[in-house]
Amino acid sequence: MSTIRKDFQDPDALESGGVLERRLIKIGRERFAGDVWGRTALLTRGASDFSDLFSAEAVDELVSRRGLRTPFLRVAKGGTTFPDSSFTSPAGVGATISDQLDDTALWRKFADGATLVLQALHRTWEPVSDFSRRLSTELGHPVQANAYVTPPQNRGFDDHYDVHDVFILQIEGTKRWIIHEPVHTDPLRDQPWTDRRSSVAEAAKGEAYIDTVLERGDVLYLPRGWLHAAQAQGQVSIHLTLGIHSWTRYALAEQLAQAALAALCDDPEMRRTLPLGLDGPNGEIDVVRKRLAAAVAKAEISSLFHRTRRGQGRPAPLGPLAQLAAVEGLSPESLVRLRDALEARLEGLRLTTRVGWLDFPATDLPSVTRLLDRKVHTAGDIGVELVERLLRAGVLVPVEP
């Protein structure tokens, strides 16, 4: 049987150029992809009004009312990160949590010039979560989101580079950014700037590639490896950093090697013990090299790649009570659609997603394929029994009429 394969795409990320073109850049996707992406820094003035994503009020709510725990917050000043114990405390009666954020301690540190770093906002703040999901779908790379809240005339971190690309969105206030070209181009995840402290410090003394003040609505794109440091100006600065954890050729090489080694486990010649009294492995290395090269040449990593990619993110939120109500009230007129950010793929008779896999009879394939367009469908058009199965599996979600 031939394989039917259909990848889910989020139409919100594609309409009108997607969130990249509509909110983050002004030079167009094609030029950005060809001249900027992964190559050089880009400053975009007045890219968008980001008040719908984040604000000072959002900071106060997250810190004081959401019951956040570490590591959802870091606190830093002058290049030094404070220990978690200095801004957390027990949650009080009825809870056994010892590391909840202490808003009084945080206020005191902030008033003394410390920067608050709200981490993983793609998990804790819905507007940022939705935006990050759409950008990730459009770029094809995982996206995380952190917010940096810095008092006037202060800086949280010294010159450094990140091991992922970033879009820096100035939300409120102003901040001066000093950017220098890389001392180590395209660093991998295990090549942090701390391994090159002296080189980073020396490069930061040289002439800046960009020295500018970001104002509200400005966006700065930096590829991984580009040196940067920032300082708030005359008022509180809030900026949102979208970290793009780019897939690399090295990552694909790791996938190939993993697939090849798995195949070699089934090769009896590769499982043989090396000769007794072996003086040197040179002859054996030639044998292994040839068989390894052959295994790499035959390796099929498409499924492994997509499985790994699915594991790097989570699907859109799912409300258990709303889901139960949808199942219990299901009728041919019920409206449903595919859950967002599932990374759904239909391969043959199997649908693989971030919430597991499901096998279907061939008669259901046309209906399942239709669902992958992410449009709204009625249960009657798809099949009530099939819709109930997919609602229970967390693959479909109800849509209000």
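The model shown is predicted, which means the values in this text are computed figures rather than measured ones.
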(message) Over 60° means perpendicular and under 30° means parallel, so tell me whether His239 and Trp177 are parallel, tilted or perpendicular.
(response)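 Plane angle over 60°, so perpendicular.
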(request) For the pair His141 and Trp37, name the ring-plane relationship: parallel under 30°, tilted 30 to 60°, perpendicular over 60°. (result)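 Ring orientation, 0 to 90° scale: tilted.
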Let me have the donor-acceptor pairs involving side chains of residues 191-215, under 3.5 Å, with sequence neighbours excluded, atom names and distances please.
| from | atom 1 | to | atom 2 | distance (Å) |
| --- | --- | --- | --- | --- |
| Gln191 | OE1 | His184 | NE2 | 3.1 |
| Gln191 | OE1 | Leu188 | N | 2.9 |
| Tyr209 | OH | Thr40 | OG1 | 3.1 |
| Asp211 | OD1 | Arg176 | NE | 2.9 |
| Asp211 | OD1 | Arg176 | NH2 | 3.4 |
| Asp211 | OD2 | Arg176 | NH2 | 2.7 |
| Thr212 | OG1 | Arg45 | NH2 | 2.4 |

Main-chain N/O of [Y] paired with [X] side-chain donor or acceptor, under 3.5 Å:
X	Y	value
Tyr161	Pro223	no
Ser132	Val128	yes
Glu138	Leu20	yes
Trp125	Leu53	yes
Thr137	Arg133	yes
Ser334	Ser331	yes
Gln233	Gln231	yes
Arg74	Gln119	no
Glu284	Leu274	no

Is any side-chain heavy atom of [X] closer than 4.5 Å to a side-chain heavy atom of [Y]?
X	Y	result
Arg339	Val395	no
Val117	Thr81	no
Phe50	Leu240	no
Val288	Leu264	no
Leu220	Leu42	no
Ser55	Glu172	yes
Arg66	Phe72	no
Ile27	Asp35	no

With a 4.0 Å cut-off on N to O distance, would you call [X] and [Y] a salt bridge?
X	Y	value
Arg134	Asp340	no
Asp112	Lys109	no
Arg224	Asp162	no
Asp364	Arg389	no

Around [X], counting heavy atoms of other residues, nucleotides and ligands shown, do more than 12 lie under 6.0 Å from its [atom1]?
X	atom1	answer
Arg337	CZ	yes
Tyr250	OH	no
Glu61	CD	yes
Arg271	CZ	yes
Glu385	CD	no

(request) Take Asp186 and Arg249, measure what salt bridge (Lys or Arg N to Asp or Glu O under 4.0 Å) needs, and give me the verdict at the end. (result) CA-CA 11 Å; Asp186 296 333; Arg249 289 177 175 172; over 6 Å; no
Atom pair [atom1]/[atom2] of [X] and [Y] - distance to nearest 0.5 Å:
X	Y	atom1	atom2	answer
Leu358	Leu346	CG	CG	11.0 Å
Gln323	Leu396	CD	CG	8.0 Å
Asp49	Ile171	CG	CD1	9.0 Å
Ile25	Leu43	CD1	CG	13.0 Å
Glu181	Trp226	CD	CH2	4.5 Å
Leu386	Leu371	CG	CG	6.5 Å

Closest approach of [X] to [Y] (non-hydrogen atoms, all atoms of both residues):
X	Y	value
Ala259	Ala299	CB-CB, 3.9 Å
Leu73	Thr70	O-CG2, 4.2 Å
Ala47	Val219	CB-CG2, 3.5 Å
Thr88	Ser98	OG1-O, 4.4 Å
Asn146	Gln144	ND2-NE2, 3.3 Å
Ala105	Phe87	CB-CA, 3.9 Å

(request) Start with the C-alpha distance between Arg370 and Asp381, add both sets of side-chain angles, then the distance that settles side chain to side chain contact (heavy atoms under 4.5 Å, CB included), and finish with yes or no. (result) CA-CA 10 Å; Arg370 287 179 62 196; Asp381 287 341; 4.2 Å; yes
(message) Is there a side chain to side chain contact (heavy atoms under 4.5 Å, CB included) between Thr378 and Leu335? Walk through the geometry before answering.
(response) CA-CA 5 Å; Thr378 64; Leu335 301 178; 3.7 Å; yes
(request) Keeping to residues at least two apart or across chains, list the salt bridge (charged side-chain N to carboxylate O under 4.0 Å, His left out) pairs with something in residues 259-270. (result)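 As it turns out, the salt bridge (charged side-chain N to carboxylate O under 4.0 Å, His left out) pairs with a partner in residues 259-270, which skip direct neighbours, are Asp267-Arg291, Glu269-Arg272.
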(request) Assess whether side chain to side chain contact (heavy atoms under 4.5 Å, CB included) is satisfied between Val19 and Leu24, documenting all intermediate values. (result) CA-CA 7 Å; Val19 295; Leu24 302 180; 5.7 Å; no
(request) Tell me, with the steps shown, if Arg155 and Thr115 meet side chain to side chain contact (heavy atoms under 4.5 Å, CB included). (result) CA-CA 7 Å; Arg155 65 189 295 180; Thr115 290; over 6 Å; no
(request) Using distance alone, with no hydrogens and no angle criterion, decide if Ser237 and Gln170 have a side-chain donor and acceptor under 3.5 Å apart. (result)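 Yes, a side-chain donor-acceptor pair sits under 3.5 Å.
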